[in-house]
Trainee: 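Submitted below is the structure of interest, expressed as structure tokens.
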Amino acid sequence: MKNREIEAKLKRSVSAAAPDVLQQVISDCKEQKGRVVYMEETKKKKSIAARIAAVAAAFVVIAAGVTGFQIYRTNYRVASVVELDVNPSIEIQANGKEKVIDVIGRNKDGQTVIGNMDFKGSGLDVTVNALIGSMLRNGYLSELANSILISVDNDDAAKGADLERRLAAEINEILQSNTFEGAVLSQQISDNADIKKLAEQYDITVGKAQLIQQIAAKNPLYNFADLTTLSINELNLLRANLSDSGDGALDSVNAIGNASDKAYLDEAAVKKVVFAHADVKEADVRGFRMELDYEHGLLVYEVEFYAGNYEYDYDVDAVNGTIISNDKEWEETGALPIPETGQDKTQGQQPTEQLTEQKDTQGQQPAAQQTQKPTQQQTAAAIDQAKAKEIAFGHAGVAENQVSLVKAKLDYDDGIQKYEIEFYAGNYEYDYEINAADGSILKHEKELKRQQAAQQSSQAQQPVTGSQNQNGSQTTVSREQAKATALSHAGLAENQIREYECELDFDDGVKKYEIDFKSGNYEYSYDINATTGSIIKFEKEYDD
Amino acid sequence: MSYLSTVTETEREAQLDRYIAGVAKEDWEAMTQLYNATRASVYGFALSILKNPQDAEDVLHDCYLQIHAAAPGYRSQGKALAWILTITRNLCMQKLREAGRYQHIEAEDWEKYVEAQSGMDSEDRLVLLACMERLSDEERQIVMLHAVSGFKHREIAKLLKLPLPTVLSKYNRALKKLKQYLLKENAYEEQRN
């Protein structure tokens, strides 16, 4: 069958499947139009916002009179552009005398804010006041989302800076007289063709694009496109996080006040969710950390804590507390190793109790001695993961081919971006944290896998040569039992899962079932001890 | 061939622009024309992102409301369909954010869904089913945009913010998967008969 035929079939089937909503759409459009009028008629409360609007309207009349005397050129040449972004985006064009030439709603919310107010010829400050008033009235600025971005574009840098300062102070004052504290970000728009192009591409204001570009530049885990969907309040929270955590403030953005995080769960609520999920008591938890971050297209709390012998990692939706991903890892000294990429997992290891001797697992090359000098890297630029591994391996004095890597990931803790690298070489477990900015070693640990060595000597006297070689006395847990353990732990029934895979493996002296399956949009993986039936490791990951 | 298709594409875009201009003036006939011309594209794309017919229907509805609201400010750049599908995509993303997760439906439900549809033959059904069940999210979105909306790979790359080579390889992989699925199903059918 040809590609074209398949596509034609798909097109036909989708056309047939698409429901008919046209009549509903048309009647809703008509109603929407009616509703706007209705809302205009029912403003009643004399809020601050309404008073501002009233004052503004008065000024419009006066200003219109004044401008009549100005000559055409001064009046109609755009000298400065002011962009207001909250979630509504509005562009105000003003002439050299700070009189408004045009006000444009750059998105639907922006158009709602403007409504049928006409600002042509009125003063810039009056216009801004009226627009902020409308934003308050329409609930775009509130206790839950209190941030606004002001971006000023003026060919004359000094004039622009002056205008930016005045507008920021003025808006801050309006917001302060309200029932909640506002947060005002202000900036000058720099003449950057790339940013203008991005703004056009994503249909956002140049000011917002410039803010996003700066935030994205500070953290390589953010990407521009994802951030474009965030509101200014959300961006302001991320920005504040960056500067709090030592990545530094954004160079050209001036900030007054703090972004509201009231729309998001507080620490107590997050704790409740994750502790319940992990089935641990708060009293047993150590080293609890949480941080607001942006992942999977959502604002999430990255939560980390320890309880018992496990390290827990959660990503929790910051708005509704849904657990997006979670990870539970065995953490104790001499813990059962969980190699990710064993080169030859089936070969038995030599048990050793000698702390001073480092023995190569595969026995192919003698291991380099630990006394080797650490290779400290001092580079100013951010380093990549391969480089971080190289630094860790260099410091540990092991060659890459001797290592079985457990974990290498970029993490963001305590305000520092770092690679967490865990690996096994010989009979040791290594644990490194490498600063992602300069490659310096923040933490390193080396531990003999004592327990494992002991276990190994009692359990696996002879090396097992293949995973099919199932020594009956050691595999006391059946495949079915292992599967049942995994499913009951995941809280899933047999008919809810798909792509089930189970493999018996022999890793570093432990026989285990490696079980993988999917359910919904999650991918589960379990390692289950084939001798005791206990869960050695489990992961649940969002699978897109 | 390529000349002809370019002409029709430009013509199609110009027509969509005229419809949108009409919608801005509350011309409901223009809305009807616009809806008929683009509804399969919007629904197919929404379905490919959301993987849930109910949510896709909501987005289909909201999309035309949003087009109506945004039409007065619409500036033609000869990319009306891309504009409409960007709105679709944003609405889908909003939906996903609101839901906090994918409202994923299971394989058997897809079969029921597909069987319940009228106006398509059994092979059409199979293709739709395979597309929903067998393809990854990105593969499905790419195939949908190419097959239903007639987007070029370059345009798909731009809309989905993916590199062009990625789109090309995913597209080819997806069609291979669909072909394999159909061959297998057909062979099975023949065996039964």
Side-chain angles (χ1 to χ4, degrees), chain A residues 1-26 28-30 32-33 36 104-108 110-112 200-203 223-226 229 296-299 317 319-324 495-496 498 519-522 542-544, chain B residues 23 26 28 31-32 35-36 39-44 47 53 56-57 60-61 63-66 68-70 72-73 86 90 93-94 96-97 100-102 104 106-107 113-114 117-121 123-128 131 136-138 143-144 146-148 150 158 161 175 178-179 182-183:
Chain A
M1 196 180 294
K2 298 250 167 60
N3 284 0
R4 230 175 327 136
E5 292 173 44
I6 293 182
E7 295 205 330
K9 284 179 191 305
L10 184 61
K11 184 170 182 174
R12 253 199 323 268
S13 63
V14 170
S15 303
D20 191 3
V21 297
L22 178 65
Q23 291 317 316
Q24 189 59 40
V25 165
I26 291 180
D28 285 354
C29 284
K30 287 176 180 165
Q32 201 175 42
K33 201 184 152 210
V36 172
I104 305 156
R106 293 292 305 272
N107 56 15
K108 195 182 156 199
Q111 287 154 12
T112 307
E200 204 171 304
Q201 189 183 342
Y202 292 102
D203 204 17
N223 89 44
F224 189 94
D226 289 345
T229 58
H296 320 292
L298 295 163
L299 279 170
D317 186 317
V319 178
N320 60 22
T322 308
I323 292 171
I324 294 162
N495 61 3
Q496 290 175 289
R498 58 185 195 279
S519 177
N521 272 76
Y522 289 94
Y542 192 71
D543 172 35
D544 48 13
Chain B
V23 169
E26 313 271 324
W28 305 120
M31 176 61 104
T32 306
Y35 176 81
N36 287 335
R39 127 200 116 94
S41 291
V42 171
Y43 182 72
L47 192 64
E57 185 174 337
L60 178 68
H61 172 263
C63 182
Y64 291 95
L65 285 194
Q66 186 127 340
H68 169 248
T86 304
N90 289 341
M93 292 303 152
Q94 203 179 323
L96 292 178
R97 286 186 68 186
R101 66 198 166 85
Y102 283 84
H104 183 74
E106 296 301 326
Y113 164 73
V114 168
Q117 302 298 332
S118 55
M120 47 176 112
D121 66 28
E123 267 204 339
D124 294 353
R125 284 204 173 88
L126 269 184
V127 175
L128 181 58
C131 182
S136 77
D137 288 3
E138 278 177 346
V143 169
M144 202 68 97
H146 196 267
V148 183
K158 205 175 158 200
K161 291 151 192 157
L175 275 160
L178 292 179
K179 242 182 266 183
L182 290 179
L183 282 177

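Just so it is clear, the structure is predicted and the values come from calculations on it, not from any experiment. Throughout, a chain's letter reflects where its sequence line sits, starting with A, and its residues are numbered from 1.
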Trainee: Tell me which of these, A:L22, A:V319, A:V14, has more heavy-atom pairs under 4.5 Å with chain B than the rest.
Mentor: A:L22
Trainee: Nearest 0.5 Å, what's the CZ-CG distance between A:R12 and B:D124?
Mentor: 4.0 Å
Trainee: Measure the spacing between OH of A:Y202 and NZ of B:K161 and express it to the nearest 0.5 Å.
Mentor: 5.0 Å
Trainee: Dump the intermediate steps for side chain to side chain contact (heavy atoms under 4.5 Å, CB included) on B:T32 and A:I26, then the final yes or no.
Mentor: CA-CA 9 Å; B:T32 306; A:I26 291 180; 3.9 Å; yes
Trainee: To check you understand the geometry: which heavy-atom pair defines the closest contact between B:A69 and A:K108, and what is its length?
Mentor: CB-CE, 3.6 Å
Trainee: Before you tell me yes or no, could you show the steps for B:K179 and A:N3 under side chain to side chain contact (heavy atoms under 4.5 Å, CB included), namely the whole-Å CA-CA distance, both residues' side-chain angles and the distance that decides it to 0.1 Å?
Mentor: CA-CA 8 Å; B:K179 242 182 266 183; A:N3 284 0; 3.0 Å; yes
Trainee: For A:E200, is the CD atom crowded, meaning more than 12 foreign heavy atoms sit under 6.0 Å from it?
Mentor: no
Trainee: With only heavy atoms counted, which part of B:D121 is less than 4.5 Å from chain A, the side chain, the backbone, both or neither?
Mentor: side chain
Trainee: Applying side chain to side chain contact (heavy atoms under 4.5 Å, CB included) to B:Y64 and A:Q24, what does each step give before you reach the verdict?
Mentor: CA-CA 10 Å; B:Y64 291 95; A:Q24 189 59 40; over 6 Å; no
Trainee: Pick from A:S15, A:G105, A:A8: which one has the most heavy-atom pairs with chain B under 4.5 Å?
Mentor: A:S15
Trainee: Walk me through whether A:D203 and B:T86 qualify under side chain to side chain contact (heavy atoms under 4.5 Å, CB included).
Mentor: CA-CA 10 Å; A:D203 204 17; B:T86 304; over 6 Å; no
Trainee: Tell me if a side-chain donor or acceptor on B:Y35 pairs with a main-chain N or O of A:V21 at a distance below 3.5 Å.
Mentor: yes
Trainee: Can you tell which of B:N90, B:L178, B:V42, B:L60 has the highest number of heavy-atom pairs within less than 4.5 Å of chain A?
Mentor: B:L60
Trainee: Which pair of non-hydrogen atoms, one from A:K11 and one from B:A147, has the smallest distance, and what is that distance?
Mentor: CD-O, 3.6 Å
Trainee: How far does CD of A:E7 sit from SG of B:C131, to the nearest 0.5 angstrom?
Mentor: 10.0 Å
Trainee: Hey, could you give me the CG/CG distance between A:L10 and B:L175, rounded to the nearest 0.5 Å?
Mentor: 9.0 Å
Trainee: Test your reading of the model: is there a side-chain donor-acceptor pair from B:R39 to the backbone of A:A18, 3.5 Å cut-off?
Mentor: yes
Trainee: Please identify each residue that fulfils side-chain contact (heavy atoms from CB on, under 4.5 Å) with A:A17, with sequence neighbours left out.
Mentor: B:Y43, B:Y113, B:Q117, B:M120, B:L128
Trainee: Please look at B:M31 and chain A and tell me whether the side chain, the backbone, both or neither of the residue comes under 4.5 angstrom of a heavy atom of that chain.
Mentor: both
Trainee: Residues in side-chain hydrogen bond (donor to acceptor under 3.5 Å, both in side chains) with A:S13, at least two apart?
Mentor: none
Trainee: CG of A:D20 to NE2 of B:H61: how many Å apart, nearest 0.5 Å?
Mentor: 11.5 Å
